Amino acid sequence: MNFVAALNDVAAKNLQVLEEQIRQAIADDEFIFEACEPLFKGGKRLRPMLFLLCANSKDDCPAERTMPLAVALELIHTASLVHDDIIDTSKKRRGVETANSKYGAQIAVLVGDYLFAKAFQLVAENNYGAQVQLILSKLVKDLCIGEIMQDRSLFEVPTMTEYYTRINLKTAIFLASCCRLGGIVADMDSREVENLTAYGSSVGLAFQIIDDLLDFFGDEKITGKPNGGDLKSGVITLPVIRALEQSDEAPKLRAIVTTGGSVDAAIKIIQATDAVDYCRTRAQAHIEAARVNLPLTLKTSAVLALEQVADFIVDRTR
Ligand code: FPP
Ligand code: MG
């Protein structure tokens with residue numbers, strides 16, 4: 001079961017409608033449906049659910065107003081993963097074969113483009129207006145810049161500041177935008193919108209730090225992708241940055257991560273330091289910051305659900 005279904009009845013019902021509408025969104029074309037349906041079977045739906053939870057966090061917001069944008073957010077996210085898998089030549093995503101592995105990069109680029117275009121079709125058809133479109137375009141531009149930044153510095157050890165800049169662009173701005181859009185479509189006041197945005201940003205930082213830990217230490221059967229993918233593709237993340245600061249074997253670890261060497265040897269060195277605890281503590285601190293930012297004007301049940309989402313982020317195994 002998806003984690004959001006366990007939150008409350010409203011979230012579970014929203015999730016069910018969301019799943020149906022995602023299926024509809026990819027059903028216009030037979031090939032796109034065949035290529036995308038397995039990919040959409042997996043996934044946590046974190047982005048659309050954050051948006052829906054925020055949109056319904058004061059008063060109930062009609063599904064006609066929220067669902068098309070919720071679907072668009074998941075389509076944009078999945079489009080970015082399809083393109084990310086081409087860039088990383090990944091073979092598995094969400095427990096299934098990636099589009100690039102199955103159909104080749106040429107077709108996979110177009111599958112990603114299609115999902116992306118479909119997202120903007122939904123936004124245009126449902127008259128969300130220029131403010132929403134600007135938030136979406138900015139978040140996609142930031143995603144691209146984050147990815148370009150990462151790909152231009154593969155096999156180079158980033159500073160802490162560079163690491164945080166990258167995860168902000170790659171993940172935190174997306175999650176912050178989902179929460180911001182929730183506040184905007186529900187016509188909340190600007191202070192509430194800013195607070196929800198800050199909540200989403202902190203949740204996003206925590207999410208990516210845990211993602212980077214899971215990439216080394218996750219259970220492959222649960223994460224749906226092989227461990228050590230970041231190291232092999234030259235993406236150097238927080239567990240390594242911290243271990244390089246702490247370990248006596250830092251020169252050896254540096255040699256491994258700057259050449260894409262043995263994942264097992266890197267894991268051994270990382271585990272002999274406080275890097276895992278350090279990453280968890282950092283993630284937990286962002287979760288606390290997220291909690292503090294939740295507007296005081298929200299319904300108690302919504303605060304509870306948003307706190308549960310934040311806790312799920314650090315406890316998650318996939
Ligand atoms: C997965 O993260 C990838 C991203 C967060 C962003 C990828 C963005 C692009 C390819 C550019 C945007 C493109 C479009 C069409 C919107 P990860 O690589 O850290 O995690 P992973 O291990 O799941 O791949
Ligand atoms: Mg990737």
Side-chain angles (χ1 to χ4, degrees), residues 32 36 39 42-44 46-47 72-101 105 108-123 133 135-154 158 163-178 200-201 203-220 222-241 263 279 283 313 316-318:
I32 292 292
C36 295
L39 201 55
K44 298 175 280 291
L46 177 62
R47 290 156 184 81
L73 288 165
E74 187 62 18
L75 295 183
I76 293 172
H77 172 54
T78 307
S80 82
L81 295 182
V82 171
H83 283 186
D84 186 61
D85 289 335
I86 300 167
I87 296 167
D88 297 345
T89 57
S90 301
K91 293 198 162 32
K92 250 184 144 188
R93 163 79 65 188
R94 294 175 168 175
V96 295
E97 191 179 0
T98 56
N100 47 300
S101 169
V109 172
L110 299 167
V111 169
D113 288 345
Y114 183 99
L115 293 175
F116 195 48
K118 182 72 196 186
F120 280 93
Q121 179 190 335
L122 288 172
V123 173
Q133 286 172 21
I135 291 170
L136 293 175
S137 357
K138 177 165 184 315
L139 91 82
V140 174
K141 287 197 301 183
D142 286 336
L143 263 187
C144 293
I145 297 299
E147 190 77 9
I148 289 170
M149 199 179 268
Q150 176 175 300
D151 291 328
R152 281 173 65 96
S153 56
L154 293 179
Y163 171 76
Y164 268 96
T165 304
R166 190 214 295 163
I167 70 169
N168 186 40
L169 290 164
K170 263 178 60 180
T171 308
I173 291 175
F174 201 155
L175 269 55
S177 302
C178 294
S201 172
V203 166
L205 293 174
F207 180 89
Q208 191 58 46
I209 292 172
I210 296 297
D211 212 63
D212 293 341
L213 258 189
L214 287 174
D215 195 82
F216 279 109
F217 302 105
D219 179 338
E220 297 181 10
I222 302 178
T223 60
K225 54 190 181 187
N227 285 357
D230 286 340
L231 189 148
K232 282 286 166 204
S233 56
V235 180
I236 299 178
T237 57
L238 196 55
V240 172
I241 300 172
V263 174
C279 292
I313 298 298
R316 76 201 173 95
T317 50
R318 74 180 177 107

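Everything quoted here is computed from the prediction, not taken from an experiment. One-based numbering, in listed order, for ligands and for the atoms of each.
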Distance under 4.0 Å to a non-hydrogen atom of [X]: what atoms of ligand 1 satisfy this?
{"X": "R93", "value": "21 (P), 23 (O), 24 (O)"}
{"X": "D211", "value": "20 (O)"}
{"X": "L143", "value": "6 (C)"}
{"X": "H83", "value": "10 (C), 15 (C)"}

What do you reckon, does [X] put a non-hydrogen atom under 4.0 Å from ligand 1?
{"X": "C144", "result": "yes"}
{"X": "Q150", "result": "no"}
{"X": "Q208", "result": "yes"}

Would you compute the distance between atom [atom1] of [X] and atom [atom2] of [Y] and round it to the nearest 0.5 angstrom?
{"X": "T171", "Y": "D142", "atom1": "OG1", "atom2": "CG", "value": "11.5 Å"}
{"X": "Y164", "Y": "L238", "atom1": "OH", "atom2": "CG", "value": "5.5 Å"}
{"X": "N168", "Y": "L175", "atom1": "CG", "atom2": "CG", "value": "11.0 Å"}
{"X": "I135", "Y": "S177", "atom1": "CD1", "atom2": "OG", "value": "6.5 Å"}
{"X": "E147", "Y": "D84", "atom1": "CD", "atom2": "CG", "value": "4.5 Å"}

Is the closest N or O pair between [X] and ligand 1 shorter than 3.5 Å?
{"X": "K170", "answer": "yes"}
{"X": "E147", "answer": "no"}
{"X": "T171", "answer": "no"}

Subject >> C36 side chain near T78 side chain, heavy-atom distance below 4.5 Å >> reply: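 Sidechains of T78 and C36: no contact.
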Original post:
Any side-chain heavy atom of L73 within less than 4.5 Å of one from F174?
Top reply: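 The answer is yes, as the side chains (C-beta and beyond) meet within the 4.5 Å cut-off.
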